[in-house]
Amino acid sequence: MKIYDELVARGLIAQVTDEKEIAELVNSGKAVFYIGFDPTADSLHVGHFMALSLMKRLQEAGNKPIVLIGAGTAMIGDPSGRTDMRQMMSVETIQHNSECFKKQMSRFIDFSEGKAIMVNNADWLMKLNYVELLREVGIHFTVNRMLTAECYKNRMERGLSFLEFNYMIMQSYDFLELYRKYGCNMQFGGDDQWSNMLTGTELIHKKLGENVYAMTITLLLNSEGKKMGKTQSGAVWLDAEKTSPFEFYQYWRNVADSDVLKCIRMLTFIPLEEVATMEEWEGSELNRAKEILAFELTKLVHGENEAQKAQAAAKALFVEGSGEDENTPSTSVTMQEFGEGMSILDILTLTGLAASKSEARRLVEQGGITVNGEKIDSKDAVLEKAAFENGYALIRKGKKVYHKLTIG
RNA sequence: GGAGAGAUGCCCGAGUGGCUAAAGGGAGCGGACUGUAAAUCCGUUGGCUACGCCUACGAUGGUUCGAAACCAUCUCUCUCCA
């Protein structure tokens, strides 16, 4: 199967400017394409991962990727798909985030011997002269057309600052710049980037009379239509410090039945023939697919070793029910602190399992706390030294959260 | 610059003098069911040295026995006009 067909089969392609041309360029390994990443946080997330995977797939097919770090565009802030304005970021933050991005990216993309290049649009955007830019680029944009762009639609009601309005122009300029410098003939990005990418191709066409192309990646939505890769507490990060490999694994292990196969197709590199056999699975059989998804992704992001550990930890918790594992979070108290015994409420707040004593009390009252497999049924319960026979006491909150307490 | 509207708990949103730690919904948390899923059902959701106390309805000050609510000033947001 040719690479382009594979991308289609995996459901990765959302919109293209010229399918025939793009398919041909990509299949023959002649594409020089870029994807921009604005350093808006100190770690990449799942959305970035999809873009990087796409890069990897195309790179393996012989195409040349350009990673664009958007330190310059981050100074402005992309209004696409947002209902409110982004908070302005300081130059220092952007700098720091850019470094974090760079570090994480080398894990996915091979930058050796000209196989891929990384550039930073701050290098040219920051030097721009306002009047010159207006005359060179601004002349090719009509405000009427810009205002009809999809990405501004939901901002027309709440207000769109002039600062953000210019984001599109900056991104288009990037494309032009990369075309001139590196012969970049294609831009890929998230589907919310479509308008910004289109205007880039138009700018190049108007300015230089050359045809370049744009293609967007399908947004990963779950069956309820919500963006995946988000939890209540925020994004699922690729940085192990921000989202531990275990949490990362668990996130994918717990996707809804209706989303597993889609995720496998879109996010992993498992051959489509193999995926086809999984499509037969139904009901609880899908748990196997979820395990595969979780394992594969954790492996891609954190490495095989971490993936093994995460899987082992999950099995220990849910299959064997022991809950004990070397990766279980733990807290240690000193002999003095512990004294003759410690109340369960103090332990819960100390370990962070409960944010306050009131919450701890509630948890106990509702039967959500277990110590060493025994349910705590009184909020006055006190843990004594006998509970530490194995060297630690294993506290469980709810069904899935475990914590070890040691004295020492 | 002119006219008007608004700011309530994690979010949305009711409340216009005491019955309000503040309706309802969403989200979260715990429980039941289960497949570490979804759906559903039940409970719960400011804190504490806890039948009481403290802190809270943008900020500050005031009126009152008593304020989220009334008044004044301030800050911010939005809408319309220029």
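Just so it is clear: chains get the letters A, B, ... in the order the sequence lines come, proteins before strands, and each one is counted from 1.
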* Could you please name the option among C29(B), U36(B), C48(B) that lies closest to any side-chain atom of Lys397(A)? =>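 Comparing C29(B), U36(B), C48(B) against the side chain of Lys397(A), the answer is C29(B).
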
* Out of U44(B), G35(B), A37(B), which nucleotide sits closest to the side chain of Asn287(A)? ->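 Closest nucleotide to the Asn287(A) side chain: G35(B).
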
Interatomic distance at [atom1], [N] relative to [M], whole Å:
N      : M      : atom1 : answer
G30(B) : A22(B) : C1'   : 24 Å
C70(B) : U49(B) : C1'   : 38 Å
A68(B) : U60(B) : P     : 13 Å
G47(B) : A56(B) : P     : 15 Å
G13(B) : C19(B) : C1'   : 22 Å
A69(B) : U16(B) : C1'   : 5 Å
A21(B) : U75(B) : P     : 32 Å
U44(B) : G62(B) : P     : 40 Å

* Asked: Is Ser358(A) touching bases, backbone alone, or none of the nucleic acid, heavy atoms closer than 4.0 Å?
  ->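 Result for Ser358(A) = base.
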
* Touch check for Lys290(A), heavy atoms < 4.0 angstrom, all strands: base, sugar-phosphate only, or nothing? -> base

* Asked: Aromatic ring centroids of Phe295(A) and Tyr249(A) under 6.0 Å?
  ->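 Between Phe295(A) and Tyr249(A), the centre distance exceeds or equals 6.0 Å.
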
Whole angstrom is fine here: how far is it from [atom1] in [X] over to [atom2] in [N]?
X         : N      : atom1 : atom2 : value
Glu365(A) : C29(B) : CD    : C1'   : 14 Å
Asp259(A) : A39(B) : CG    : P     : 11 Å
Ile376(A) : G30(B) : CD1   : C1'   : 15 Å
Leu286(A) : U36(B) : CG    : C1'   : 14 Å
Arg362(A) : G28(B) : CZ    : P     : 16 Å
Asp377(A) : G31(B) : CG    : C1'   : 15 Å

* Could you tell me which non-hydrogen atom of Thr40(A) sits nearest to which non-hydrogen atom of Phe101(A), and how far apart they are? =>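 Scanning both residues completely, I find the closest heavy atoms to be N-CZ, 4.3 Å.
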
* Asked: Is there a donor on the side chain of Gln366(A) or the base of G43(B) sitting less than 3.5 Å from an acceptor on the other?
  ->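 Under the 3.5 Å cut-off, the side chain and the base do form a donor-acceptor pair.
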
* Structure fact -> Judged by nearest nucleotide, the residue sitting upstream toward the 5' end of RNA chain B, Ser284(A) or Glu359(A), is Ser284(A)

* **Residue mapping more 5' on RNA chain B - nearest nucleotide basis, Gly368(A) or Asn254(A)** =>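 Taking each residue's closest nucleotide, the earlier one in sequence belongs to Gly368(A).
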
* Run the salt-bridge test on Glu6(A) and Arg10(A) with the 4.0 Å N-O cut-off and return the result as yes or no. => yes

* **Beyond-backbone contact of Phe37(A) with Leu68(A), side-chain heavy atoms, under 4.5 angstrom** =>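 No, their side chains stay 4.5 Å or more apart.
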
* Asked: In terms of base orientation, is C33(B) syn or anti, with the syn window spanning 90° either side of 0?
  ->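 Here C33(B) takes the anti form, which means its glycosidic angle is more than 90° from 0.
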
* Aromatic ring pairing Phe108(A)/Phe49(A), orientation class (parallel under 30°, perpendicular over 60°, tilted between) -> perpendicular

